Amino acid sequence: MTSALSLANRAIQEKKDEINPRWYPSYHLAPQAGWMNDPNGLSWFDGYYHAFYQHNPYTPVWGPMHWGHARSRDMVNWEHLPIVLAPEGAEDKDGCYSGSAVVDGDRLALIYTGHKFHGQPCDDNLFQVQCLATSRDGVHFQRDGMVLDTPQGVHHFRDPKVWREGDQWFMVVGARVDDIGEVQLYRSADLRQWEYAGVIARADAEMGYMWECPDFFSLGDKRVLMFSPQGMTAKGYTNRNLFQSGYMTGQWQIGGEYCALQPFQEMDYGHDFYAPQSFETPDGRRVVIGWLAMWESPMPEKADGWAGMLSLPRELSLSAEDKLRMTPVKELESLRKEPHLWSVSQLKDQALVVEAHAEAMEIALEWDLSQSRAETFGLRLGRGASVHVDSQSQRLVVERDYPEHGLCGYRSVPLPAGNILSLRIFLDRSSIEVFVNDGEYSLSSRIYPAQDDRQLTLFSQHGQALIHKAQAWAMAD
Ligand code: FRU
């Protein structure tokens, strides 16, 4: 292990027992201490799922980027492993930025962005290059240096996502070219020599100045381009966060142009979901994990010695209209402890306490919209968070109200067309992830209830609401 890695790993060992656990997730992946952002290198290798992530082991703020590492047999129970990359080479001296992993014969190969300034840190001096690191045991990595240099005149050029197709390797990279976001394509025979293969897609006037974290994969008979644009403006209920993450579905064949069949759609409509990356499970499912946080959003857990967490793994599928559906992977059911049946079928101008203290829970609710005329109805956690129907706007709302932390406001999606609104809600100590009607929409947000403010209530205001199903499970740690 290099001395930079030893120092980083020592910092984590020293700090991990000092964190305040009040908002530390019970069944999501988060750094043992320090800062986490994007998921990186999601893969299956040697009998384990691997999740790497953008990591500053020294302080719970974004800083010199390392790659943290955890592995799991089931995407649910994660084991923390030593940090694998530190910013210590000539090509990544100012950060080991986001990237991906592929299995190359008997090795796990990481392809990531080396971030470096030539001189003073400023955009003109910024150079981002793509680097390689390889491992036989999936734990210790050898640094193989730069494999793709910055294109002439480009400064922002990052987040390589590599895959194998036909008899070649392909890589998509996010780039900012004359302040327009685009996704570039490269190809290689050996992961070491890369050849430019054109532009997959480029922003129009409204689509942002930089596209981060591109991903490009087949799903059913379509090709999905997923990316995280910076610089889109909010419009009505959409694009409300500082940066978005979303996708287009289309068609593509090796050597051809990408033909998008639909405009950009957001992946998740909550306050906190960014930089998602996908990977394929050994049984052929396409799974996505995102960063459950948002740039420039206050993260009150910084005061506790850690910051940032990853979303639950979500299986992707396509709807009949070629929209992405995301549902929590089935492995999560193994975390369910004994069921709590909430005996409630109807609410009328009422608030019914269903749990005195809820920290880590899965909740399944089914509302009959045709029999629910209340102005608002839903579920509330303590004083500060709710998931409710707003009948006036005909929308499902996730609202948080933590003025003490500078986190207030709502996000929402349209109600489904039919009579049934079915919700799967995953609560953890500082997060809520809501899956609507089998993954038609999801809304993911960070929440910060005080320890004594975790009562769960079902409520209806100004009228009646009818519930077909109300069930919950405490989740194992
Ligand atoms: C996305 C991102 C990536 C970059 C990384 C740096 O959140 O900005 O584009 O590689 O984070 O930590």
Side-chain angles (χ1 to χ4, degrees), residues 8 31 34-42 51-69 83-87 91-101 110-117 121 123 126-133 146 148 150 154-162 171-177 179 181-184 203 208-216 226-232 241-246 266-268 271-278 288-297 299 307-311 444 446:
W35 166 273
M36 164 193 270
N37 57 290
D38 315 355
N40 294 157
L42 302 177
F52 302 86
Y53 52 88
Q54 290 286 282
H55 185 33
N56 179 0
Y58 296 106
T59 43
V61 294
W62 187 84
M65 280 295 104
H66 294 61
W67 272 41
H69 186 198
I83 293 165
V84 296
L85 293 173
E91 306 297 353
D92 60 16
K93 68 183 178 68
D94 297 309
C96 300
Y97 274 21
S98 284
S100 51
L110 310 181
I111 303 93
Y112 67 98
T113 297
H115 175 81
K116 54 174 178 160
F117 293 102
D123 259 21
L126 172 66
F127 293 89
Q128 296 190 318
V129 300
Q130 314 319 322
C131 300
L132 179 71
M146 179 176 85
L148 178 61
T150 325
V154 175
H155 293 283
H156 292 266
F157 177 60
R158 57 180 173 269
D159 310 335
K161 179 78 186 337
V162 175
M171 176 202 287
V172 279
V173 187
R176 175 173 180 169
V177 180
D179 281 340
E182 67 179 36
V183 174
Q184 298 187 355
Y209 56 80
M210 171 67 195
W211 287 2
E212 298 189 307
C213 302
D215 198 339
F216 195 49
M226 184 170 81
F227 56 102
S228 296
Q230 296 180 303
M232 290 183 77
N241 297 333
L242 176 65
F243 300 142
Q244 278 56 57
S245 60
E266 285 175 83
M267 295 288 290
D268 183 289
H271 296 88
D272 296 286
F273 189 81
Y274 193 65
Q277 186 177 88
S278 83
V288 142
I289 297 179
W291 179 39
L292 213 59
M294 182 51 59
W295 289 112
E296 293 180 32
S297 180
M299 295 186 204
M309 58 188 279
L310 298 188
S311 76
S444 306
R446 299 297 299 279

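We count ligands from 1, going down the list as the structure has it; atoms in each ligand are counted the same way. FYI, side chains are in, hydrogens and waters are out, and symmetry mates aren't considered; it's all heavy atoms of this structure. For reference, positions follow the sequence shown, starting with 1. Note that the structure is predicted; figures quoted are calculated from it, not measured.
With ligand atoms numbered from 1 in the order given, ligand 1 contributes 1 (C), 7 (O) to contacts under 4.0 Å with heavy atoms of Y274. Near D159, meaning under 4.0 Å from one of its heavy atoms, ligand 1 places the atoms 3 (C), 4 (C), 9 (O), 10 (O). Heavy-atom contacts of M65 reach the following atoms of ligand 1: 12 (O) (cutoff under 4.0 Å). Remark: ligand 1 atoms within the under-4.0 Å shell around heavy atoms of S98 are 5 (C), 10 (O). Taking a cut-off of under 4.0 Å to the non-hydrogen atoms of Q54, the atoms of ligand 1 that pass are 5 (C), 6 (C), 12 (O).
Taking distance alone, with nitrogen or oxygen atoms compared against 3.5 Å, W62 approaches ligand 1 more closely than that limit. Taking only nitrogen or oxygen atoms, main chain and side chain alike, D38 reaches within less than 3.5 Å of ligand 1.
With salt bridges taken as basic N to acidic carboxylate O contacts below 4.0 Å, one links D215 and K161.
Counting all heavy atoms, side chain and backbone alike, M294 lies closest to D272 at N-OD1, 3.4 Å. Across all non-hydrogen atoms, the minimal contact from L85 to A133 is CD2-CB, 4.0 Å. Of all heavy-atom pairs spanning A175 and M210, the tightest one is C-SD, 3.6 Å. Here the closest heavy-atom approach between residue I83 and residue W67 is recorded as CG2-O, 3.2 Å. Between Q277 and G41 the shortest heavy-atom distance is OE1-N, 3.1 Å.
Remark: distances from the non-hydrogen atoms of W291 to ligand 1 are all 4.0 Å or more.
For T113, no heavy-atom contact with ligand 1 is shorter than 4.0 Å.
The shortest contact between atom 8 (O) of ligand 1 and any protein heavy atom is with E212 OE2, 2.8 Å.
In this structure, S311 and W291 have side chains that are not in contact, with every pair of non-hydrogen atoms separated by 4.5 Å or more.
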